[in-house]
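Single-structure report; data block below.
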Amino acid sequence: MEVDTRGGVRVRVVTIFTQVPEGAMADDTITLTAPALLRPYASKQARVGQLHRGKTLAVRLG
């Protein structure tokens, strides 16, 4: 998944799913590119989004 914004923020997420005895595990590699002034805010928002995504996947895959 890739997201680009007009503010120069770019987020790229690569997810690899692996079967484990308990079900499935998702490993995400996240690359965030943003102008220096926006980087702390963009990083915080990306983290919030990933935590929400993790909860959603747990419900769907659980």
Side-chain angles (χ1 to χ4, degrees):
M1 173 179 76
E2 290 190 32
V3 178
D4 291 316
T5 70
R6 286 182 274 163
V9 177
R10 181 177 186 183
V11 180
R12 181 172 190 254
V13 181
V14 175
T15 304
I16 298 174
F17 290 97
T18 307
Q19 286 187 324
V20 295
E22 300 82 15
M25 182 168 64
D27 287 311
D28 287 338
T29 301
I30 303 167
T31 305
L32 172 72
T33 305
L37 291 175
L38 293 177
R39 202 168 299 136
Y41 176 77
S43 178
K44 182 179 176 182
Q45 293 303 308
R47 177 172 167 70
V48 169
Q50 279 305 106
L51 291 174
H52 178 72
R53 182 173 179 270
K55 290 177 185 176
T56 300
L57 283 174
V59 169
R60 289 182 182 173
L61 298 175

Hits for side-chain contact (heavy atoms from CB on, under 4.5 Å) against T15, two or more places apart or cross-chain, chain-then-number order -> V13, F17, A26, D28, R53
Residues at least two apart in sequence or cross-chain that pass side-chain contact (heavy atoms from CB on, under 4.5 Å) with R47, listed by chain then number, are L51
Same cluster (ILVMFWY, side-chain, under 4.5 Å), Y41 and I30
no
Residue pairs meeting salt bridge (Lys or Arg N to Asp or Glu O under 4.0 Å), one or both in residues 2-17, sequence neighbours left out, come to E2-R10, E2-R12, D4-R10
Taking every heavy atom of A34 against every heavy atom of A42, the minimum-distance pair comes out as CB-CB, 4.3 Å
Residue set satisfying side-chain contact (heavy atoms from CB on, under 4.5 Å) with E22, at least two apart, ordered chain then number -> V20
So salt bridge (Lys or Arg N to Asp or Glu O under 4.0 Å) across residues 30-40, not counting sequence neighbours, yields none
Residue set satisfying side-chain contact (heavy atoms from CB on, under 4.5 Å) with A46, at least two apart, ordered chain then number -> none
